[in-house]
Amino acid sequence: MQRVTVNGGWIDYREPEDTPERLRRRVTMLASQAPAVAARVSDGSESIDETDMAFLLGFNDAVAMCLIMGWSWDLPLTVDGLQDLPGRVYDEIVQHCQTLIPRLLPSFAVDVDPKAPTES
């Protein structure tokens, strides 16, 4: 667990590897859609539409809910509680969580361990 001081309070984060699969599964499913959204948003040729913005915000909320274990505010630890925090605190949460996403997502790479054959 890591306690991080933010504007007006603190947040306790769990290690990404300790996230329950029930919480992580939603982030994993959303991450599978992320490349298509990122391609549309990052090329700069069009503005972000409502659907893409809703996806990005929902992804940020899902990641935060996976990683936050507790906080100093008298709000429920839910998406609604997260969205009731001051905007600057929400931004700090998103910034902190972004660095942890690679550790949160499962690896689907082939195991190179010779004791774990991949062919029959």
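You'll find the side chain of R103 reaches within 4.5 Å of the side chain of E17, heavy atoms only. Looking only at side-chain heavy atoms (C-beta outward), R14 and M1 stay at 4.5 Å or farther from each other. Using a 4.5 Å heavy-atom threshold, the side chains of L67 and P16 count as touching. You'll find the side chain of C97 stays beyond 4.5 Å of the side chain of E92, heavy atoms only. Between L104 and C66, the closest side-chain pair of non-hydrogen atoms falls below 4.5 Å. Side-chain contact between L77 and M65 is present, with heavy atoms from C-beta onward closer than 4.5 Å. Side chains of L82 and W73 form no contact here, defined as non-hydrogen atoms less than 4.5 Å apart. V94 is not listed as a side-chain neighbour of F59, based on a closest heavy-atom distance of 4.5 Å or more.
Note that CG of N7 is 4.0 Å distant from CZ of R88, once rounded to the nearest 0.5 Å. For the atom pair L57 CG and Q83 CD, the distance stands at 8.0 Å (nearest 0.5 Å).
In this structure, V4 is not a member of the same hydrophobic cluster as M69, with clusters built from ILVMFWY side-chain heavy atoms closer than 4.5 Å. Hydrophobic cluster membership is shared by L75 and V89, with clusters built from Ile, Leu, Val, Met, Phe, Trp and Tyr side chains linked at under 4.5 angstrom. Using a 4.5 Å cut-off between side-chain heavy atoms of Ile, Leu, Val, Met, Phe, Trp and Tyr, with links allowed through other members, I68 and L105 fall into the same hydrophobic cluster.
Smallest separation of non-hydrogen atoms from A62 and L30: CB-CD1, 3.9 Å.
Among residue pairs with one or both ends in residues 25-37, those qualifying as salt bridge (charged side-chain N to carboxylate O under 4.0 Å, His left out) are E21-R25; sequence neighbours excluded.
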| request: May I have the step-by-step check of side chain to side chain contact (heavy atoms under 4.5 Å, CB included) for W71 and L85, ending in yes or no? | output: CA-CA 11 Å; W71 55 35; L85 292 171; 3.6 Å; yes
| said: Determine whether Y90 and D61 satisfy the following criterion, side chain to side chain contact (heavy atoms under 4.5 Å, CB included), listing intermediate values before the conclusion. | reply: CA-CA 9 Å; Y90 181 87; D61 292 350; 2.5 Å; yes
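Applying the ring-ring contact (aromatic ring centres under 6.0 Å, His included) test to Y13 and every residue at least two apart in sequence or in another chain returns H96.
Side chain of Q2 to main chain of D12: no donor-acceptor pair is present (N/O by atom type, distance under 3.5 Å, no hydrogens or angles). S72 contributes a side-chain N or O that, together with a main-chain N or O of W10, makes up a donor-acceptor pair within less than 3.5 Å.
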